[in-house]
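Okay, structure first, notes after.
Just so you know, ligand 1 is whichever comes first in the structure, and atom 1 is the first atom listed for that ligand. The basis for the numbers below is simple: all heavy atoms, side chains too, and nothing from hydrogens, waters or symmetry mates. In this chain, numbering begins with 1 at the start of the sequence shown.
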Amino acid sequence: MKEYFSNVSKINYEGSDSKNPYSFKYYNPDEIVGGKRMKDHLRFSMSYWHTLTANGTDQFGVGTMIRSWDNVNDKMELAKARMEAAFEFMDKLDIDYFCFHDRDIAPEGKDLVETNKNLDEMVSICKELMKKNNKKLLWGTANLFNNPRFVHGAGTTCNANVYAYSAAQLKKAIEVTNELGGENYVFWGGREGYETLLNTDIGFEMDNFARILQMAVDYAKKIGFKGQFLIEPKPKEPTKHQYDFDVATVLGFLRKYKLENYFKVNIEANHATLAGHTFQHEICLARNNNVLGSLDANQGDPHLGWDTDQFPTNIYDATLAMYEILKNGGIAPGGLNFDAKVRRASFEPEDLFLSYIAGMDTFAKGLRIAYKLLQDGPIENFIKERYSSFSTGIGKDIVDGKVGFEELEKYALSNNVMNNKSGRQEYLESIVNQYIFEDK
Ligand code: XUL
Ligand code: CO
């Protein structure tokens, strides 16, 4: 088989003293952390779209990426070249999982019949390569946002014909994900949102959205798809207001439409920050509501207000994300999908490897630090102590449901001492720093 990244050979772990850019400094796949291999904690995944199909286009200029499959003109031949390159890439980086949209792996044809035929052909090639290279599908999804037909949305469109088309495309994408043994299926609401309320019936659109999700649940049952359904929140972009704004909004939606038993969330760092939250906040909220499904690992730029999808290199955020994952008992059957793209100026094929290495090393290091933090327990102990007034006396009575307003009023009238203690935020932040700085 042709080699697509001939300038880069297999990336190995060389440790933090290595100066070789094409080596892992912290990601040591078989290293045991808390009884589990690093690779099983992290379950890294390659995003097909950013890695194989993105070409660096932005609003002001055409693509810049140099890729060895650039000269392939026939659409299906190009799709095959990219597919082979994808498996070479995963193999060289020792990444076990990947994620794709239906339209990433196969081109659209003149109609849905031809489009599905193209997809089937690529899926059978993909299946072979997965078997040969021992790679797994973390999740599949449908691209219901790129084609102009989705101008008003897909599951929330005002056009019933487009709604029907979207359902057909979703059905096929779930079948294909099932065929490839996908462990999850993601619904990111591409254009499910609105630009202006002057032309939008929010209530009707959300009812319709729930209807299409219910159809997906019913169909998955029918074909025996065992993967986890995930909704990926995002507050804005492409629409001004996306319906799946953040984890809290998605939770409210799922509960309203009685879908909460079938969906969890796929949380993306850059979407969290666009919603005015931290990545940790979103993961923590999902964990506390038993809906933490999977993560799209990336980061935004604090100086830009859009979804920059940068590779995650911020050790502080990665540590706190891993802290939440460890507290969750792991992320499986989800994983850490690098929904991240190289900058437009990082156009050489080598940059793809250097970016994944940076992201993987950051999360590996974050895992190690988070594990030690949890083991030693300075944060956990502090939090436990902070709420200790609820372990005895009146606090315990409150938690046990033994008291109501009258009893609490009686207690408050005779106990005027509040005894508040410092929250010690700066001290706690310095502890996190200490663990980050000292981890060897
Ligand atoms: C878009 C985004 C998507 C989803 C999958 O912001 O994150 O790539 O992850 O559709
Ligand atoms: Co994403």
CZ on Arg103 to OG1 on Thr141, rounded to 0.5 Å: 11.0 Å
Over all atoms of both residues, closest heavy-atom pair of Phe363 and Leu42: O-CD2, 3.8 Å
Close-range residues for ligand 1, whose non-hydrogen atoms fall below the 4.0 Å threshold: Trp49, His101, Trp139, Trp188, Glu232, Lys234, Glu268, His271, Asp296, Asp307, Asp339
Phe100 ring center near Trp139 ring center (under 6.0 Å): no
No-hydrogen, no-angle side-chain donor-acceptor test under 3.5 Å, Asp246 and Thr249: yes
Residue pair Asp339 / Trp49, side-chain donor-acceptor N/O under 3.5 Å: yes
Residue list, side-chain contact (heavy atoms from CB on, under 4.5 Å) with Thr57, at least two apart or on another chain: Asn55
side-chain hydrogen bond (donor to acceptor under 3.5 Å, both in side chains) pairs, two or more places apart, involving residues 146-156: Glu108-Asn147, Glu108-Arg149, Arg149-Tyr165, Thr156-Glu192
Tally of protein N, O or S atoms, where distance to the Co ion (ligand 2) is under 2.8 Å: 4
Separation between CD of Gln228 and NZ of Lys264, rounded to the nearest 0.5 Å: 5.0 Å
Heavy-atom check, side chain of Ser294 versus side chain of Leu138, under 4.5 Å: yes
